Structure formats: structure tokens, C-alpha cells
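Keep in mind the model is a prediction, meaning the values are calculated, not measured. First the proteins, then the strands, lettered A, B, ... as listed; each starts at 1.
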Amino acid sequence: MSTPIVEIRHLKQHAGETVTLRGWVRNVRTSKMRFIELRDGSGFVQCVVSANDAEPESYELAGRLTQEAAITATGIVQTHPKTGAPELLVKSLTLVGESVDYPITPKEHGTAFLMENRHLWLRSKRQWAILRIRHTLVKAIRDFFDEDGFTLLDSPILTPSACEGTSTLFGTPYFDEGMAFLSQSGQLYQEPGLAAFGKTYCFGPTFRAEKSKTRRHLTEFWMVEPEMAFAHLEDVMVLGERLTKFMVQRVLEGRQEELKILERDLAPLEQALNVTFARMTYTDAVEKLKELGSDINWGEDFGNDDETILMNAMDRPLWVHRFPKAFKAFYMEPDPIDPKLALGADLLAPEGYGEVIGGGERASSLQYLLDQIEHEQLDRKDYEWYLDVRKYGSVPHAGFGLGLERAVAWICKLPHVRETAPYPRMLGTLKP
RNA sequence: UCCGGAGUAGCUCAGUGGUAGAGCAAUCGGCUGUUAACCGAUUGGUCGGGGGUUCAAGUCCCUCCUCCGGAGCCA
């Protein structure tokens, strides 16, 4: 006689029925009664093995199960007499794969050890919750742009030169063409797509060979980069805010169990959903920072502390816009009212998470771009294809980049982005 | 790259010059529903590597390596 195989997430629908579960042993507590905490990737459930209800050899097996052994368990779905949660009253157990001396024990571990065992750490409850939320955010991002009429236009990962010229790039030999570089942004490749598709986005890994050693940096991270034709700075802030709210909403709706595992305070997320994001010009932000005790001067980029100081005084996400042109990328459109300023906007997440979105309006004048390329001492030859966007039907256009890992870190309220990626790549971390 | 901190049992840590310790894990035994279960016992160490001081070094000095936190740079 065979019983239906059921995923733990569907257990509730099978109350009173005999079913088979397949999964891994998270923990075992043995007394006369034996309790197996089982996980199957879809959820967690307690299996109860008693001498009365289980076959003798299964009862015996339950007594010698080890952490992370793979098993199947067949029994009746009942409710926990104390908590009311579904549990399985076991009739029979089979051992599918044994597990000897699993390194990650129920007690605490250091970060270095956990990172070395990242491939196993993925099985831990917190990591499971975080990566499920990451999954939901990726899906939300795709759904948002697809439903909004954007066309996915994949930017290449192997590129011939720097896009922004500032950051360090990872290089790799590319046949007879010399060095190729891993892309640090797909944006420049989106712009030519506008005249073909109107609104486009790319979403994939990007790479920065910066020797940054902070809680906000990975050398490999995912970024979604929408770009819109006939669009201005205002459109960036409107779109970015809608996207952020959509992402937060999807997680609040669909990942309640995971948020609970993470003990995430939901109030700041609900707040972000229900209010209009704050806006402040760079110039006002500098004034505000000075009031709050920062030693920043106009013309300097925000330091890590500055973002923290600014956001501690804020109860919602904040757009900072119109930065000094000097420290922004060469392709930014200058502010027609004050040409010292660039029409850029960054979205700072609350709770100390800092920049999640960076974007703005792109320069649409060929002559202006040529002047900028000369001024920045870039090689015009590298950008001819990019300049063609301005030669053949140039229009105002704008877009932004949203860093997935930073969004996950904020929404899960994590102390470090390294937990937001399945296999994070950082300064000094290439394994596993 | 700079500043600070740390490397001792499989893991998390205590041990400030005189015989190397605890909790967890593992192993064995006990316990009528447990939930980081609990109780008892056992096993487990080139004290990060190299050099030095000393009768004696986990402990003091030099040096290298690795990791953690922060800065700069950025999403």
C-alpha cells in the first residue's frame, strides 16, 4: 500500500490522513517518545515517534537518527496537543541518507566558520528564510517591470571597457581581443535599447573589484537597471518608489513565516508602504547633516556615517537628488537651473541601510557628452556606439540601478549583506 | 590600503610565567509530549606558523599568515 507523498507546506490540507514526508532531520529529542524536527525545503514539522504507534524497527531507527540525516516518514497528520500546529504521528520511517558529524550544531557559531560552510549553512532556518525572501524579491522585480511594459534587454557581462571609469574592474583574457572586463553596470547597454523598445531593463550579476570591506559590499552582486525613453529625473523617483513599495508589499503578503523566523519588526516596512517617500536636494541634505553634527562640506560625497546620521533622523525612505556634477558619472544630465548640479537621485533606505537605488536623467546632447568624455579623459573610440544614441533620434531619458542584496538586507534587517546571497563573493571570500 | 580586535578540543569560549579547562557536538547509559529538551559517564589538544627571552611560555618579545569590526570607495 502506498501513501501520498506530501510537502510539509501542504500538511494542513491533509489533517487526519496518512501521508509520507521526505526531508532532513533538523534535530531529534529522544525519551520514551521520540521527536524528530523535519525540514523538506518547503517548511518545518515535528514528527512524533512512539513505541505504541510506530513499527518497532522505525521506533528503533528514530532513536539513532543524527542531525541532517535524510529520511522518509509515513504517518497520520494530527495537531500538536499544545501548540496546535500540524505534526506527524509516525507509523514508519526509512533512512535515505545517513549524516555523520554534521559540522553546524544547534549551538552558536562564528561568522568565519559559517561562511566556510556556506553550502551547509544554507540549510539553517534563518538562511532559508532570507533566501526565500530574496527569491520573492527577484520575482517581484521581474513581475513589476513586465507588468509595467518594460522589455527585458540583457546587458552583456563580458565588456570591453569601463562604463563609469571609476571603479576597479575584474579582467579576464578574451582570445585575441586583449582583456575583457566583468560588467559593473548594464546601463550603457540599456540606453541604445530605448529607441527599439521604449522602456527596458536588465537584471543580473555585476562585478566590482573594489577592496571594500564593509557590511554593504560584495564583489559580485545583482542589480536591476530600468531605463525609460522620454523620461526625466522626476520619473526616476516615481518609478523607484513604486518598485520599492511593490517589493515590500510582495514580501509582506507572501513571506510572513520567513519574516517571523527573522523576527523582523514589520512596522518600518508597513510604514514604507503607506507613506510618500521623503525628498531632499543634496544641498539641503548637506545643510541638514551639518546641523546633525557631520563635518561634510558641499561638494563632497556622503560618507558611510553621513548616510547613517541622515537616516536616523528619518522615519521613511529618502530620495536625495541633484548632486554636484563633479562626483557623478560623465553621462548625467546637468540641471538646467544650476549647471553645477547633475540630475541624479539616490534612494536611501531607513534603519541605517543606506543607498539602495542610484540613478538619474542621462545627458541627451551629443555635444555635451563629447565635452564630458574629453573632460574625463576617456577614449572617445570606446564610446562611439554609445554616442550613436544621441545621433539618431536622441530623446530625454532616465533610469536607475537597484542593488538586490541591499534591498534584501534592509527588508530582512540583516547586519551584513553576506547573508543575502547564496554564495556571496567578497574581498577575501571566493569559496565555497 | 589604513586603524582596531582575535586565533586554545569538531564548534563557542575561559585560562596574565609553574601538570591544558568548560558548555555544545560525538559515543554509551537513563528519562511517559519533548521543542537550542533534560540527567549521568566517556572520548577528544603540535594552544595559527616560524624565531627568540626564561630553570620553565597558551601566557612575555619579534615576525609572518588567517579571520572579525571599522574607514575610504560604491549599489
Original post:
Rounded to whole angstrom units, what separation is found between the CD atom of A/Q187 and the P atom of B/rC74?
Top reply: 15 Å
**OP:** Taking only the side-chain heavy atoms of A/L218 (C-beta and beyond), determine which of B/rA75, B/rC74, B/rC11 contains the nearest atom.
**Re:** B/rA75
Original post:
Going by distance alone, is a donor N or O of one side chain under 3.5 Å from an acceptor N or O of the other, for A/E191 and A/H397?
Top reply: yes
Original post:
Cation-pi between A/R142 and A/F203: NZ/CZ under 6.0 Å from ring centre and within 45° of the ring axis?
Top reply: no
Subject >> Inter-nucleotide C1' distance (B/rC11, B/rG44), Å rounded >> reply: 13 Å
Original post:
If pairing requires Watson-Crick or G-U wobble contacts with both distances under 3.5 Å, which nucleotide is the partner of B/rA57?
Top reply: none
**OP:** Name the residue closer to the 5' end of RNA chain B, choosing between A/K328 and A/K211 according to the nucleotide with the nearest heavy atom.
**Re:** A/K211
**OP:** Scan A/T206 against the nucleic acid and name what it touches under 4.0 Å (heavy atoms): base, sugar-phosphate only, or nothing.
**Re:** nothing
Original post:
How does protein reach along nucleotides 24-34 of chain B, written 5' to 3' as B (base within reach of a heavy atom under 4.0 Å), S (only sugar-phosphate), or - (no contact)?
Top reply: SSS----BSBB
**OP:** Apply side-chain hydrogen bond (donor to acceptor under 3.5 Å, both in side chains) to A/T206 and A/W222, showing your working.
**Re:** CA-CA 6 Å; A/T206 48; A/W222 276 59; over 6 Å; no
**OP:** Check the pair A/S155, A/E225 against side-chain hydrogen bond (donor to acceptor under 3.5 Å, both in side chains), reporting the backbone distance first and the verdict last.
**Re:** CA-CA 10 Å; A/S155 287; A/E225 294 177 280; 5.8 Å; no
Original post:
Expressed as a whole number of Å, how far does the C1' atom of B/rG52 sit from that of B/rG17?
Top reply: 16 Å
Original post:
B/rA71 C1' sits how many Å from A/D306 CG, rounded?
Top reply: 12 Å
Subject >> RNA chain B-proximal residues of residues 283-293 of chain A, any heavy atom under 4.0 Å >> reply: none
**OP:** For A/D53 and A/S50, test the side chains for any donor-to-acceptor distance below 3.5 angstrom and give the result as yes or no.
**Re:** yes
Original post:
Can you tell me if A/Q67 uses its side chain to pair, donor with acceptor, with the backbone of A/I104 under 3.5 Å?
Top reply: yes
**OP:** Take atom CG of A/L182 and atom C1' of B/rA75, then tell me their distance rounded to the nearest Å.
**Re:** 17 Å
Subject >> Whole-angstrom distance between B/rG15 and B/rG23, as gauged at atom C1' >> reply: 15 Å
**OP:** Would you mind reading off the distance between A/R208 atom CZ and B/rG72 atom P, rounded to a whole angstrom?
**Re:** 17 Å
**OP:** List the steps and the verdict of side chain to side chain contact (heavy atoms under 4.5 Å, CB included) for A/F277 and A/L318.
**Re:** CA-CA 6 Å; A/F277 293 180; A/L318 168 68; over 6 Å; no
Subject >> Pairs flagged by side-chain hydrogen bond (donor to acceptor under 3.5 Å, both in side chains) wherever residues 347-358 of chain A is involved - sequence neighbours left out >> reply: A/R264-A/E351, A/E351-A/W410, A/E351-A/K413
Original post:
Does A/H109 make a side-chain donor-acceptor contact with the base of B/rC11, cut-off 3.5 Å?
Top reply: no
Subject >> Sugar-phosphate, base or nothing in reach of A/R418, heavy atoms under 4.0 Å >> reply: sugar-phosphate
**OP:** Classify the angle between the aromatic ring planes of A/F400 and A/F145 as parallel (below 30°), tilted (30 to 60°) or perpendicular (above 60°).
**Re:** tilted
Original post:
Which part of the nucleic acid, if any, lies within contact of A/D301, taking any heavy atom under 4.0 Å across all strands shown: a base, the sugar-phosphate backbone alone, or nothing?
Top reply: sugar-phosphate
Original post:
Of all the nucleotides listed (B/rU35, B/rG69, B/rC73), which has the minimum atom distance to the side chain of A/E210?
Top reply: B/rC73
